[in-house]
Amino acid sequence: MSSKEEEYKEMFLAEALESYEELNKLFTQLEKDVTSNNAVDAIFRITHTLKGNAMGMGFEAIAELAHVMEDIFSEVKQKNIVLDGELFGSLYKANDKLGELIEALKTGEKVNYKGIRTKLSVYLNNAKKANGLNTEPAATIAAAPIKVEVPAVSENIPAVVQPVAVNAEPVLNDIPAAITIQEVIVPTTSVPSEIQAIPNLEASETAEEVDTPKIAFSDLVQVPVRKLDSLLNLVGELIIERDSLIAKSHERGYGANMFARLQRITSDLQYGVMDVRLVQIGFLFNKFHRIIRDVANIENKKVNLVLEGTEIEIDRNVLKIMSDSLIHVIRNSVSHGIEKPEQRLQKGKSEIGEVILRARNEKDTVIIEVIDDGNGIDHEIIGKKAVKKGIITEEYYKKATKDDLLMLIFEPGFSNAEQITEVSGRGVGMDVVRRATESIGGKIEVKTTIGGGSIIALHLPSSMAVKGALLFELQKQEFAVALTYTEAVISLTKKDIHKISNGLMASYLGRTISVIFLKDLFEKDNMLDFSKEGAFQNTFDSITDPDKKLDVLVVSYANKYCGIVVDKLLQQKEIVEKTLSRPLDNLEMISGATILGNGNVCLVLDIANIINTIFKEKTLHAYGA
């Protein structure tokens with residue numbers, strides 16, 4: 001059995017045991033008040049669900065027994081069966097067998113359940129006959145003939161009586177009283193409901209058993225998410241203390257291997273807790289079938305949703321934060337992407353559009369792609385509308401790249417819809433996607449072909465608990481940058497960097513990138529300072545040696561690249577980032593903080609916000625707006 005099948009089996013066992021315990025409770029409640037419709041409805045619902053789940057997993061014995069219990073309560077709901085003490089006894093017995101069958105999935109033991117199943121089936125058929133309903137045989141009794149003793153043979157009758165295929169009752173009525181008792185074998189394939197004894201079933205199934213009550217426990221434990229979060233926070237504190245201990249040991253000259261075991265154990269503990277928080281992304285994906293259907297109906301379109309990679313696992317908190325954003329992206333794909341059926345037919349496409357929701361892993365990142373085979377996005381139309389709405393200037397539109405213009409769909413207030421409808425046209429939605437993605441350290445990519453469709457890819461961290469980071473120093477203070485935004489670490493000299501307008505630029509792998517001294521950025525009090533002459537050239541101008549080596553972090557977000565000049569590069573390590581509390585939670589260029597092994601607080605840069613701020617200023621002012 002594969003690990004995935006084993007996981008599904010564990011989930012089934014947990015639910016089935018919960019259903020078994022709930023049935024026991026409901027039976028006792030119903031026995032005290034047989035008029036309780038709520039209890040009857042609940043029992044019917046539980047047995048129906050248990051039957052369906054068991055059939056889906058291939059556990060036929062559980063499905064069969066749950067099915068006959070479901071049928072019993074279907075008749076109870078219709079007032080065709082009256083609950084009495086005898087029936088309750090059988091139902092308790094059936095539920096005990098259900099518990100044994102569920103437990104047997106773990107132990108592999110054989111459980112005899114057919115006797116109680118047949119008894120309930122006979123009871124059900126009798127009730128249906130009494131109410132004049134059509135019935136089916138409750139059970140087929142195989143190959144066991146019913147033996148009936150008859151009087152011994154008189155001198156005029158042969159000593160051996162051949163088997164006669166007749167019903168039992170006429171044989172008994174027609175045998176003369178003078179005949180001595182012998183036996184007549186009556187072969188049969190069905191048993192009248194009036195015959196209560198079923199000789200061929202195992203004695204253990206037919207005999208009244210007095211079972212010792214057993215309490216079953218599930219191998220799965222339901223834990224509130226807040227407890228997992230609290231545990232993860234404690235593990236984070238433990239990691240910080242571990243790093244502090246290791247740092248102090250190095251200062252005292254102890255060997256690096258002294259705490260190797262501690263480091264391994266704490267790392268395993270950390271990743272173990274993180275693994276508990278992971279959920280399959282299909283948990284969210286499966287909810288979009290209804291959303292696609294509703295939007296398609298509003299827009300008078302025909303759309304199929306295809307799900308791929310539903311088994312990919314991601315942190316539950318990431319999924320929770322991104323759930324609303326994915327709704328916006330999906331609705332956008334149908335509203336703006338997929339054409340109406342008649343338009344698709346004119347283009348030689350199927351009248352039914354297709355939206356693919358795909359998830360895949362790439363290192364420590366989960367990439368969610370929303371792919372449609374619709375009309376695509378015309379970046380020139382996007383640019384013109386952005387100019388019209390005052391989001392960018394005409395000069396920037398003429399010089400911007402295709403990728404720059406496509407990313408404008410995520411600007412607040414931008415909408416590409418011609419008319420306002422229930423699902424589009426208000427300029428609210430895609431900017432929510434960008435904010436949510438940036439808040440967890442993710443990024444967005446857009447690819448499109450006019451007439452061929454679009455791909456919107458969300459690059460999300462698989463876990464929010466720990467992240468890889470690059471540490472550096474600026475004015476004797478440690479800072480960190482998430483590795484998800486880091487493209488490279490390079491060394492440049494002053495003569496490799498050139499002035500342009502109010503900023504700086506350099507060449508990186510054949511690409512022209514903006515360069516900014518982080519010291520200059522932190523010295524700005526507000527956005528107005530950004531537009532001042534030489535705003536980002538102060539530190540550059542203060543460097544007198546043209547051959548001085550400068551440490552530069554090349555970071556990227558939304559297809560925009562920027563080189564950040566820092567004082568000194570330190571190391572790469574995994575950090576536990578904490579959000580800042582008030583009043584520091586509104587710092588736009590800082591996403592959080594962590595504590596290093598030396599006890600210092602290390603601020604984590606919000607690269608997405610920094611790049612958006614720099615390029616927004618460039619968009620509005622670099623071309624004379």
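A quick note: this is a predicted structure, and the numbers were derived from the prediction, not measured.
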**Q** Would you please name every residue forming a side-chain contact (heavy atoms from CB on, under 4.5 Å) with Thr401, sequence neighbours left out?
**A**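 Result, side-chain contact (heavy atoms from CB on, under 4.5 Å) vs Thr401: Asp403, Asp404.
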**Q** Less than 4.5 Å apart, any side-chain heavy atom of Ile543 and any of Phe517?
**A**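 Yes, at least one pair of side-chain atoms sits under 4.5 Å.
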**Q** Answer yes or no: is there an ion pair linking Glu438 with Arg434, defined by an N-O contact shorter than 4.0 Å?
**A**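 A salt bridge links Glu438 with Arg434.
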**Q** If you look only at pairs with a residue in residues 270-292, which of them pass as a ring-ring contact (aromatic ring centres under 6.0 Å, His included), with sequence neighbours excluded?
**A**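 Found none.
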**Q** Residues two or more places apart in sequence or in another chain: which of them pass salt bridge (charged side-chain N to carboxylate O under 4.0 Å, His left out) with Asp547?
**A**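 With neighbours one apart ignored, the set is Lys495.
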**Q** Only counting residues at least two apart or in another chain, list the ones meeting side-chain hydrogen bond (donor to acceptor under 3.5 Å, both in side chains) with Lys349.
**A**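 Once residues adjacent in sequence are excluded, the partners of Lys349 under the side-chain hydrogen bond (donor to acceptor under 3.5 Å, both in side chains) criterion are Glu339.
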**Q** Listed by chain and number, what are the side-chain hydrogen bond (donor to acceptor under 3.5 Å, both in side chains) partners of Lys302, not counting sequence neighbours?
**A**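 In terms of side-chain hydrogen bond (donor to acceptor under 3.5 Å, both in side chains), with neighbours along the sequence ignored, Lys302 is linked to Glu351.
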**Q** Is it true that Asn233 and Ser230 share a donor-acceptor pair across their side chains at a distance under 3.5 Å?
**A**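 On atom types as modelled, these side chains do not qualify, holding no pair under 3.5 Å.
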**Q** Do you know which two heavy atoms are closest between Gly383 and Leu408, and how far apart they sit?
**A**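 So the two residues come closest at CA-CD1, 4.5 Å.
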**Q** Can you name the salt bridge (charged side-chain N to carboxylate O under 4.0 Å, His left out) partners of Asp243, sequence neighbours left out?
**A**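 Lys573.
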**Q** Would you say the side chain of Gln270 lies within less than 4.5 Å of the side chain of Val576, judging by non-hydrogen atoms?
**A**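 A side-chain contact under 4.5 Å exists here.
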**Q** For Thr594, give me all partners under side-chain contact (heavy atoms from CB on, under 4.5 Å), at least two apart in sequence or on another chain.
**A**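 Thr594 satisfies side-chain contact (heavy atoms from CB on, under 4.5 Å) with Ile575, Leu596, Cys602 once adjacent residues are dropped.
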**Q** With heavy-atom distances below 4.5 Å as the criterion, would you say the side chains of Val489 and Val552 are in contact?
**A**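 Val489 does not reach Val552 side chain to side chain.
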**Q** My understanding is that only residues two or more places apart in sequence, or in another chain, count here; which of them pass side-chain contact (heavy atoms from CB on, under 4.5 Å) with Glu308?
**A**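 Per chain and number, Glu308 pairs via side-chain contact (heavy atoms from CB on, under 4.5 Å) with Val306, Ile356, Arg358.
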**Q** Mind checking salt bridge (charged side-chain N to carboxylate O under 4.0 Å, His left out) for Glu380 and listing every partner two or more places apart, or none if nothing turns up?
**A**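 Partners of Glu380 by the salt bridge (charged side-chain N to carboxylate O under 4.0 Å, His left out) criterion come out as none, since no residue qualifies.
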**Q** I'd like to check the side-chain contact (heavy atoms from CB on, under 4.5 Å) partners of Glu342; sequence neighbours left out, ordered by chain and number.
**A**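 Lys340.
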**Q** Name the atoms and distances for all side-chain donor-acceptor pairs under 3.5 Å in residues 467-476, with sequence neighbours left out.
**A**
| residue | atom | partner | partner atom | Å |
| --- | --- | --- | --- | --- |
| Lys467 | NZ | Glu577 | OE1 | 2.6 |

**Q** Taking only residues two or more places apart in sequence, or in another chain, which ones meet Arg290 in a salt bridge (charged side-chain N to carboxylate O under 4.0 Å, His left out)?
**A**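 Salt bridge (charged side-chain N to carboxylate O under 4.0 Å, His left out) list for Arg290, sorted by chain: Asp294.
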**Q** Taking all atoms of both residues into account, what is the closest heavy-atom pair of Ile513 and Gly563, and its distance?
**A**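 The pair with the smallest heavy-atom distance is CD1-N, 4.0 Å.
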**Q** For the side chain of Thr448 and the backbone of Gly453, is there at least one donor-acceptor N/O pair under 3.5 Å apart?
**A**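 The answer is yes, because a donor-acceptor pair under 3.5 Å joins these two groups.
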**Q** Can you confirm whether the side chains of Lys519 and Asn538 place a donor and an acceptor under 3.5 Å from each other?
**A**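 There is no such pair between these side chains.
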**Q** Nearest heavy-atom pair of Arg242 and Gln263: which atoms, and what distance?
**A**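 Smallest heavy-atom distance, with atoms named: NH1-O, 3.4 Å.
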